[in-house]
Amino acid sequence: MNDFKNRQSAEILKSVYKNADMAYDSSTDVLKHCKHAKLRSEIAAERERYRSVANQARTELVRRGSVPKTFPAASKMMAKMGISMKTMQDSSSQNIAEMMLRGTTMGIIDMQHALNRSSKAEERIRTEADALLKREQQFCDNLKKYL
């Protein structure tokens with residue numbers, strides 16, 4: 001039973017790591033095109049949080065003897081190209097907020113799926129993932145001001 005609990009906890013941690021890593025990379029690319037000072041500040045603060053969350057999840061996965069997995073390089077490159085193309089056409093704060101909102105929502109969905117599949121995971125891991133989901137939802141709510 002303990003091994004099952006550990007596998008389920010690792011599944012949540014892998015989702016958290018993968019999504020935080022992708023969000024960090026994407027927000028880095030978005031910030032290059034963001035000219036609105038307040039929105040830029042919000043995205044930059046969130047970017048640093050993504051880095052911290054990714055590092056914590058990676059450390060915990062390694063401690064457990066698991067290998068953290070990121071999105072494939074091709075997926076990251078496509079996201080980078082998509083951000084460049086969308087901001088080349090429209091670098092308004094509305095467009096940037098919408099891009100961040102869509103990406104954040106996809107991450108929320110992925111992490112929620114991992115939580116739903118891992119009901120027997122360690123309570124601490126589930127609690128931390130739930131707190132992260134709430135923080136991500138709050139970020140989405142903040143982004144809506146710019147739409």
Side-chain angles (χ1 to χ4, degrees), residues 7-64 66-147:
R7 279 198 316 267
Q8 288 202 347
S9 297
E11 181 174 351
I12 293 171
L13 288 166
K14 286 176 183 178
S15 176
V16 167
Y17 174 72
K18 180 178 77 168
N19 283 291
D21 181 62
M22 181 66 152
Y24 177 81
D25 286 351
S26 295
S27 57
T28 299
D29 293 331
V30 166
L31 281 170
K32 295 174 186 173
H33 305 280
C34 185
K35 293 169 183 45
H36 188 280
K38 189 167 178 172
L39 177 58
R40 182 176 180 73
S41 176
E42 282 198 52
I43 294 171
E46 201 66 15
R47 177 180 164 261
E48 289 309 308
R49 197 179 63 73
Y50 288 138
R51 182 173 65 170
S52 175
V53 166
N55 287 339
Q56 289 171 2
R58 183 183 209 327
T59 299
E60 184 66 19
L61 282 165
V62 169
R63 187 185 72 73
R64 294 166 179 266
S66 189
V67 178
K69 293 183 179 156
T70 62
F71 274 92
S75 294
K76 286 187 174 188
M77 183 55 72
M78 287 183 65
K80 184 185 232 24
M81 288 177 8
I83 290 166
S84 290
M85 288 175 58
K86 287 178 183 175
T87 55
M88 189 182 327
Q89 295 169 353
D90 179 4
S91 64
S92 69
S93 57
Q94 179 180 351
N95 187 50
I96 287 175
E98 189 174 321
M99 286 190 305
M100 289 299 297
L101 190 56
R102 285 185 183 169
T104 303
T105 301
M106 290 184 340
I108 288 171
I109 291 168
D110 187 68
M111 286 187 287
Q112 187 64 60
H113 282 301
L115 270 170
N116 291 348
R117 288 188 305 265
S118 306
S119 62
K120 303 290 187 215
E122 295 167 44
E123 192 58 37
R124 177 182 66 87
I125 300 296
R126 291 187 56 77
T127 299
E128 290 175 6
D130 276 331
L132 176 60
L133 285 172
K134 284 182 178 98
R135 176 63 191 112
E136 289 293 278
Q137 187 58 56
Q138 184 179 0
F139 182 52
C140 286
D141 292 343
N142 292 345
L143 289 170
K144 290 175 186 177
K145 294 184 284 189
Y146 300 97
L147 297 179

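Side-chain atoms are counted along with the backbone in the values below, which use heavy atoms only and exclude waters and symmetry mates.
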TODO: Using a 4.5 Å cut-off on heavy atoms from C-beta on, say whether the side chain of Val16 contacts that of Ile125.
DONE: no
TODO: State, to 0.1 Å, how close Met99 and Ile83 come at their nearest heavy-atom pair, and which atoms those are.
DONE: SD-CA, 4.4 Å
Open item on the list: I need the Ile109 CD1 to Asn19 CG distance, nearest 0.5 Å.
Closed with: 10.5 Å
Open item on the list: Within this structure, what is the CG-CG distance for the pair Leu13 and Leu61, rounded to the nearest 0.5 Å?
Closed with: 5.0 Å
TODO: Run the salt-bridge test on Arg124 and Glu60 with the 4.0 Å N-O cut-off and return the result as yes or no.
DONE: yes
Open item on the list: Could you go through Arg58 and Val62, starting from their C-alpha distance and side-chain angles, then the distance that decides it, and tell me whether this counts as side chain to side chain contact (heavy atoms under 4.5 Å, CB included)?
Closed with: CA-CA 6 Å; Arg58 183 183 209 327; Val62 169; 3.8 Å; yes
Open item on the list: Given 3.5 Å as the limit, does a donor-acceptor pair link the side chain of Ser27 with the main chain of Tyr24, or not?
Closed with: yes
Open item on the list: When you measure from the side chain of Ser75 to the backbone of Phe71, do you find a donor-acceptor pair of N or O atoms at a distance under 3.5 Å?
Closed with: no
- [ ] List the atom of Leu143, the atom of Ala97, and the distance in Å for their closest heavy-atom pair.
- [x] O-CB, 3.7 Å
Open item on the list: With side chain to side chain contact (heavy atoms under 4.5 Å, CB included) as the criterion, how do Ile96 and Ile43 come out once you've worked through the C-alpha distance, each side chain's angles and the decisive distance to 0.1 Å?
Closed with: CA-CA 10 Å; Ile96 287 175; Ile43 294 171; 3.8 Å; yes
- [ ] Hey, could you give me the OG1/NZ distance between Thr87 and Lys35, rounded to the nearest 0.5 Å?
- [x] 8.0 Å
TODO: Hey, could you give me the CG/CE distance between Asp29 and Met81, rounded to the nearest 0.5 Å?
DONE: 12.0 Å
Task: Nearest heavy atoms of Ser66 and Pro68, plus distance in Å - done: O-CD, 3.5 Å
- [ ] Please report the closest heavy-atom contact between Thr70 and Lys76, naming both atoms and the distance.
- [x] CB-NZ, 4.1 Å
TODO: State, to 0.1 Å, how close Ala54 and Asp21 come at their nearest heavy-atom pair, and which atoms those are.
DONE: CB-N, 4.1 Å
Open item on the list: Let me confirm one number: the OG-CG distance from Ser93 to Leu39, rounded to the nearest 0.5 Å.
Closed with: 6.0 Å
Open item on the list: Testing Met100, Lys86, Gln89, His33 one by one against Asn95 for a side-chain contact (heavy atoms from CB on, under 4.5 Å), which residue passes?
Closed with: Lys86
TODO: In plain terms, say whether Glu46 and Arg51 are close enough for a salt bridge, that is, a side-chain N and a carboxylate O under 4.0 Å apart.
DONE: no
Task: Arg102 atom CZ, over 12 foreign heavy atoms within 6.0 Å - done: no
Open item on the list: Is there a side chain to side chain contact (heavy atoms under 4.5 Å, CB included) between Asp110 and Lys18? Walk through the geometry before answering.
Closed with: CA-CA 10 Å; Asp110 187 68; Lys18 180 178 77 168; 3.8 Å; yes
Open item on the list: Can you give me the closest heavy-atom contact between Ala121 and Ile12, atom names plus distance?
Closed with: CB-CD1, 3.6 Å
Open item on the list: I'd like to know if Glu11 pairs up with Lys14 as an ion pair, taking the criterion as any Lys NZ or Arg NE/NH1/NH2 lying under 4.0 Å from an Asp or Glu carboxylate oxygen.
Closed with: no
TODO: Check the side chains of Glu136 and Tyr50 for a donor-acceptor pair under 3.5 angstrom, ignoring hydrogens and angles.
DONE: yes
Task: From Gln56 atom CD to Leu132 atom CG, the distance as rounded to the nearest 0.5 Å - done: 9.5 Å
Open item on the list: Would the distance check show the side chain of Arg40 and the main-chain N or O of Leu31 forming a donor-acceptor pair, the cut-off being under 3.5 Å?
Closed with: yes
Open item on the list: For the residue pair Asn142 / Gln138, report whether a side-chain donor-acceptor contact shorter than 3.5 Å exists.
Closed with: no
Task: Salt bridge flag under 4.0 Å for residues Glu42 and Lys145 - done: yes
Open item on the list: Testing the 3.5 Å rule here: is there a donor-acceptor pair between the side chains of Arg126 and Ser118?
Closed with: no
Task: Non-hydrogen side-chain atoms of Gln8 and Arg117 separated by less than 4.5 Å - done: no
- [ ] Answer yes or no: is there a donor N or O on one side and an acceptor on the other, between the side chain of Gln94 and the main chain of Leu147, under 3.5 Å?
- [x] no
TODO: Go through the side-chain N and O atoms of Tyr146 and Glu98 and say whether any donor and acceptor fall under 3.5 Å apart.
DONE: no
Task: Stacked cation flag Lys69 on Tyr17, 6.0 angstrom / 45 deg - done: no
